[in-house]
Enquirer: 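One structure, pasted below without further comment.
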Amino acid sequence: MNTRGLRSQLKDSVPVTGLCPQAGPYGVQDSLRRGFSSVKNELLPSHPLELSEKNFQLNQDKMNFNTLRNIQGLHAPLKLQMEYRAARQIQRLPFLPSSNLALDTLRGTDDTIGFEDILNDPVLSEVMGDPHIMTEYKLGVL
Amino acid sequence: MALSYVLEPAVSGFNFENSTRNIVLENGSEEGKIKAPKPMKTGTTIAGVVYKDGVVLGADTRATSDEVVADKMCAKIHYIAPNIYCCGAGTAADTEKTTDMLSSNLTIFSMNSGRNPRVVMAVNILQDMLFRYRGMIGAHLILGGVDCTGSHLYTVGPYGSIDKVPYLAMGSGKLPAMGILEDRFKGNMDLEEAKALVSDAIHAGIMSDLGSGNNIDLCVITKEGVDYIRPHRESIYNYKRQAKYKYKPGTTPVLTKTVNQLELELVHETVQMMETAGSS
């Protein structure tokens with residue numbers, strides 16, 4: 001079930017990521033890898049739900065952690081976040097789809113079905129990234 | 001994507017890649033303006049009533065696409081759980097998919113906990129789902145069911161608003177249907193009265209609204225089980241074909257005829273004796 005947190009929990013915790021140009025290592029637009037950027041595309045979302053969907057899981061987690069901190073103290077979200085970090089590291093190679101089973105179990109989404117499970121399932125995607133380029137990007141040697 | 005490789009894995013869920021292109025297409029120059037195709041709406045009358053032993057849900061069966069009737073026998077009462085059914089108005093695909101997902105989620109819950117789901121659970125899941133998408137999913141639903149706490153009837157709007165009342169109507173034909181319900185509803189009706197009331201309410205919607213029509217489906221939910229009556233009342237305008245419209249043999253003249261012999265080679269021959277009855 002989605003968290004219906006208090007509005008006050010959101011005051012300083014929501015970064016608006018995703019629409020700004022993806023900065024390369026020197027803080028500038030990475031034209032070689034991501035193509036040309038246009039101001040119109042980067043400034044405004046073309047669909048009202050684009051931003052909110054991109055950050056949905058992030059915002060839910062932040063609200064949950066904030067509420068947990070207020071109820072039980074700082075140790076509770078700290079312990080949980082440590083487990084999340086550990087679970088997030090269990091991945092297959094960068095170009096293969098990972099099941100994220102441990103992460104799903106922690107979040108409680110392993111026994112719910114949402115649009116993320118039906119639409120655009122990465123397991124069924126017809127294109128695959130180039131294995132060498134993706135691994136090199138992941139390791140930072142590209 | 002213009003690039004020949006991708007650097008991050010694809011994200012599952014809704015894909016907004018084409019929304020910029022769609023906006024550009026719709027706002028194009030005067031000659032270049034292209035209208036987006038309209039989704040199939042159900043243009044409906046749906047109604048529900050709580051009676052003595054349970055809930056009666058009713059719906060018409062017409063689905064429209066702009067000004068054309070797209071489906072004359074559309075099923076608008078969807079199965080959610082063995083004791084919960086849902087009528088859907090609004091965009092046909094949205095109601096279908098939303099109720100499917102709701103049903104899947106409740107089945108997983110039943111398997112996990114070994115209990116029959118309650119109507120409030122279904123309503124809460126729907127609220128979460130619909131509010132998350134801020135009304136972009138056009139599903140106006142009436143949920144009715146009987147669980148261990150009694151019989152319940154809820155309506156869920158596309159933005160996630162809910163209302164819990166003993167009698168309800170939704171859809172484009174809801175005003176005439178509500179008129180009938182307001183006039184004749186009483187608490188603790190018995191089954192035949194409740195069925196007649198819902199049926200008349202839908203009938204009023206069908207008569208007064210262009211988007212509703214054809215037959216009336218009813219679904220009666222009680223503690224013992226569900227009775228899905230499809231159709232409860234058929235439209236009197238059921239046009240039967242007046243004549244045979246098949247072409248007579250010989251209508252099309254034969255101009256040429258070629259015969260190709262198919263050379264078959266006898267490969268294997270088996271004889272199987274048939275068991276005939278002995279002499280009587």
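Treat the numbers as computed from the prediction; the structure is a model and nothing was measured. Letters A, B, ... are given to chains in the order of the sequence lines, protein chains preceding strands, and every chain is numbered from 1.
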Enquirer: Less than 4.5 Å to any heavy atom of chain A: does that hold for the side chain of B:Ile137, its backbone, both, or neither?
Expert: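 The side chain, not the backbone.
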
Enquirer: Considering only heavy atoms, which portion of A:Phe95 lies under 4.5 Å from any heavy atom of chain B: side chain, backbone, both, or neither?
Expert: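 Neither part.
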
Enquirer: With a cut-off of 6.0 Å (strictly less than), are more than 12 heavy atoms of other residues, nucleotides or ligands near CG of A:Leu78?
Expert: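 Result for CG/A:Leu78: enclosed.
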
Enquirer: Pair B:Phe16, A:Lys54 - check side chain to side chain contact (heavy atoms under 4.5 Å, CB included), show working.
Expert: CA-CA 10 Å; B:Phe16 297 104; A:Lys54 217 171 195 145; over 6 Å; no

Enquirer: Would a distance-only check, ignoring hydrogens and angles, find a side-chain to backbone donor-acceptor pair under 3.5 Å from B:Ser12 to A:Asp121?
Expert: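 Side chain of B:Ser12 to backbone of A:Asp121: no pair is present.
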
Enquirer: Flag yes if more than 12 heavy atoms outside B:Phe131 fall under 6.0 Å of its CZ atom; otherwise flag no.
Expert: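 It does not: B:Phe131 CZ has 12 such atoms or fewer within range.
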
Enquirer: Of the non-hydrogen atoms in A:Asn120 and B:Asn15, which two are nearest, and what is the gap between them?
Expert: ND2-CB, 3.2 Å

Enquirer: Nearest 0.5 angstrom please: B:Met101 CE to A:Thr112 OG1, how far?
Expert: 9.5 Å

Enquirer: Taking atom CZ as the centre, does B:Arg134 end up with more than 12 heavy-atom neighbours from other residues, nucleotides or ligands that are less than 6.0 angstrom away?
Expert: yes

Enquirer: Measure A:Pro48 against the heavy atoms of chain B and call it side chain, backbone, both or neither at under 4.5 Å.
Expert: side chain

Enquirer: Would you find more than 12 non-hydrogen atoms of other residues, nucleotides or ligands less than 6.0 Å from B:Lys164 atom NZ?
Expert: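 Yes, because the 6.0 Å sphere around NZ of B:Lys164 holds more than 12 heavy atoms from other groups.
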
Enquirer: Tell me, side chain or backbone of A:Ile118 under 4.5 Å from chain B's heavy atoms, or both, or neither?
Expert: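 Just its side chain gets close to chain B.
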
Enquirer: Do B:Phe14 and A:Glu116 have side chains that approach each other closer than 4.5 Å (heavy atoms only, starting at C-beta)?
Expert: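 Answer no - side chains too far apart.
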
Enquirer: Would you call the rings of B:Tyr133 and A:Phe115 parallel, tilted or perpendicular if under 30° counts as parallel and over 60° as perpendicular?
Expert: perpendicular

Enquirer: Roughly how far, to the nearest 0.5 Å, is the CG atom of A:Asp111 from the OG1 atom of B:Thr107?
Expert: 12.5 Å

Enquirer: Would you say A:Arg69 has more than 12 foreign heavy atoms packed within less than 6.0 Å of its CZ?
Expert: no

Enquirer: If I compare all heavy atoms of A:Leu49 with all of B:Met136, which pair ends up nearest, and what's the gap?
Expert: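 Looking at all heavy atoms of both residues, the closest pair is CD1-CG, 3.5 Å.
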
Enquirer: Select one option (side chain, backbone, both, neither) describing which atoms of B:Asn112 are under 4.5 Å from chain A's heavy atoms.
Expert: side chain

